[in-house]
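Data first, discussion second: the structure below is written as structure tokens.
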Amino acid sequence: MPFRFKKNESVTKAVRRLCCERLDDALELLDKGDHFDAVHDVRKEIKKLRAILRLVRSGIGDTAYNEATDALRAAAGRLNAMRDAQVRLVALENLTKRSNGQISRRSLPKIQNALRENCRAEERKLAEHLDSTKQFLLGARVQLGCLKVRPNSWKAIGPGLKKIYSRGRKALDLARRRPSPEHFHEWRKCVKDLSSQLRLVCPARPGKLGLRMNTLKHLGDLLGDDHDLFLLGQFLDKQLKQPAEKKPVEQVIAARQKELRSEALELGASFYTKKPGQFCRQVGKGWKNWRGN
């Protein structure tokens with residue numbers, strides 16, 4: 001079913017449905033195997049779940065929130081290493097296409113072989129932990145299927161949306177003032193959360209929210225590509241011992257990251273123009289007009 005609230009559905013019922021749908025999809029994907037596409041899609045479902053919980057945190061209470069997110073974090077932790085191994089390989093392929101021959105043809109096969117071996121190793125590790133990963137998700141399904149959200153109105157949603165929007169603004173400012181891989185990655189997580197949350201309430205203001213979601217999607221892609229290059233750089237720093245091999249790749253990575261970050265900062269500045277209270281009041285007004293509460 002669509003990843004959004006329904007007009008005549010209580011907030012509690014909607015949250016239970018959305019959480020159970022995400023978990024059912026994740027479990028079905030894991031049953032298909034431990035290949036990269038399945039792992040990548042499971043991680044996306046877990047991110048959506050955590051965005052839902054952050055949205056309604058004030059309506060479910062800290063205890064329920066912490067218990068659910070702990071289980072989801074544990075499940076995601078089993079998948080992260082394989083995902084990182086795969087995206088490093090993809091990042092190198094994309095970087096090579098843009099490098100105009102700056103990456104040595106002599107060192108490229110060595111890098112590719114190291115990345116592929118790392119992918120195989122992480123795939124073997126994940127296969128050993130697949131059952132326990134499923135158990136974390138099954139436990140979360142039982143818990144989230146019984147969640148109660150109070151009150152059944154915008155008051156259960158507005159605080160969470162305001163908080164994540166505010167965090168995104170602050171993360172943008174920090175990334176601008178003190179650019180680092182960690183700060184850009186934290187900003188990316190805020191962007192992804194807000195993108196998921198706006199999808200949930202999109203029927204409230206489909207026109208304006210749809211445009212904002214398109215902007216956030218592009219922003220998230222820019223920040224995601226930047227983080228993937230950071231992971232690639234970390235890996236290569238350990239694998240390549242000779243400066244003559246390492247330096248050209250590092251230069252290409254740095255140049256591409258500079259482009260991505262510049263575009264992301266410009267796009268972010270155009271998106272986060274409203275103060276958190278103003279942003280949430282506008283979305284809340286559309287929600288109340290749509291649902292009546």
Side-chain angles (χ1 to χ4, degrees), residues 26 29-30 32-47 73-130 132-133 179-189 191-192 217-264:
L29 286 163
L30 286 179
K32 293 179 180 178
D34 52 9
H35 57 86
F36 171 66
D37 288 340
V39 169
H40 182 60
D41 288 340
V42 170
R43 289 182 78 256
K44 289 196 292 186
E45 297 299 339
I46 292 175
K47 287 180 179 179
R73 189 180 295 110
R78 300 294 176 91
L79 308 174
N80 289 344
M82 182 176 171
R83 182 267 179 194
D84 290 348
Q86 291 284 354
V87 299
R88 282 191 287 258
L89 187 58
V90 174
L92 177 67
E93 293 173 357
N94 293 335
L95 196 68
T96 304
K97 294 175 184 177
R98 305 178 63 94
S99 69
N100 296 320
Q102 288 177 269
I103 300 177
S104 167
R105 291 183 179 274
R106 185 179 302 175
S107 60
L108 186 59
K110 176 182 178 181
I111 299 170
Q112 290 172 326
N113 288 337
L115 288 168
R116 289 181 182 128
E117 177 53 38
N118 181 238
C119 286
R120 289 190 287 269
E122 293 301 339
E123 190 169 355
R124 289 192 293 271
K125 289 179 185 177
L126 178 60
E128 297 173 3
H129 298 293
L130 207 57
S132 61
T133 303
S180 70
E182 294 77 16
H183 291 160
F184 275 93
H185 186 47
E186 285 302 312
W187 181 27
R188 179 200 179 201
K189 289 191 285 187
V191 168
K192 298 293 284 186
K217 171 67 167 61
H218 184 41
L219 181 55
D221 289 343
L222 293 170
L223 295 171
D225 289 347
D226 173 70
H227 185 63
D228 293 347
L229 288 172
F230 167 69
L231 294 175
L232 175 62
Q234 275 190 324
F235 183 84
L236 296 182
D237 187 53
K238 297 177 182 178
Q239 293 293 320
L240 301 180
K241 304 302 181 182
Q242 299 299 323
E245 292 181 320
K246 187 183 301 187
K247 188 173 181 181
V249 185
E250 289 176 338
Q251 289 175 334
V252 177
I253 289 176
R256 180 57 181 151
Q257 284 187 300
K258 184 177 180 180
E259 294 174 351
L260 291 166
R261 292 180 180 186
S262 176
E263 186 176 351

Quiz prompt | Among Leu223, Asp226, Asp225, the one residue meeting side chain to side chain contact (heavy atoms under 4.5 Å, CB included) with Arg188 | solution =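 Considering Leu223, Asp226, Asp225, a side chain to side chain contact (heavy atoms under 4.5 Å, CB included) with Arg188 is found only for Leu223.
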Salt-bridge criterion met for [X] and [Y] (N-O under 4.0 Å):
X	Y	answer
Arg98	Glu259	yes
Glu250	Lys247	no
Arg124	Glu117	yes
Lys217	Asp221	yes

Between [atom1] of [X] and [atom2] of [Y], what distance do you get to the nearest 0.5 Å?
X	Y	atom1	atom2	answer
Asp41	Leu29	CG	CG	5.5 Å
Arg43	Met82	CZ	CE	11.5 Å
Asn80	Leu126	CG	CG	10.5 Å

Quiz prompt | Side chain Ser262, main chain Lys258, donor-acceptor under 3.5 Å | solution =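 No, the answer is negative, given that no donor and acceptor are paired below the 3.5 Å cut-off.
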Taking the side chain as every heavy atom from C-beta outward, state whether [X] and [Y] have any pair of such atoms under 4.5 Å apart.
X	Y	answer
Leu108	Val249	no
Leu232	Leu115	yes
Val42	Thr133	no
Glu186	Ser180	no
Gln234	Arg88	no

Quiz prompt | side-chain contact (heavy atoms from CB on, under 4.5 Å) between Leu79 and Ile46, intermediate numbers included | solution = CA-CA 11 Å; Leu79 308 174; Ile46 292 175; 4.2 Å; yes
Identify the heavy atoms of [X] and [Y] that sit nearest to each other, and give their distance.
X	Y	result
Leu219	Val191	CD2-CG2, 3.8 Å
Glu45	Ala26	CB-CB, 4.2 Å
Glu122	Ala85	CG-CB, 4.0 Å
Gln112	Leu89	O-CD1, 4.4 Å
Ala264	Trp187	O-CH2, 3.2 Å
Phe230	Gln257	N-NE2, 3.7 Å

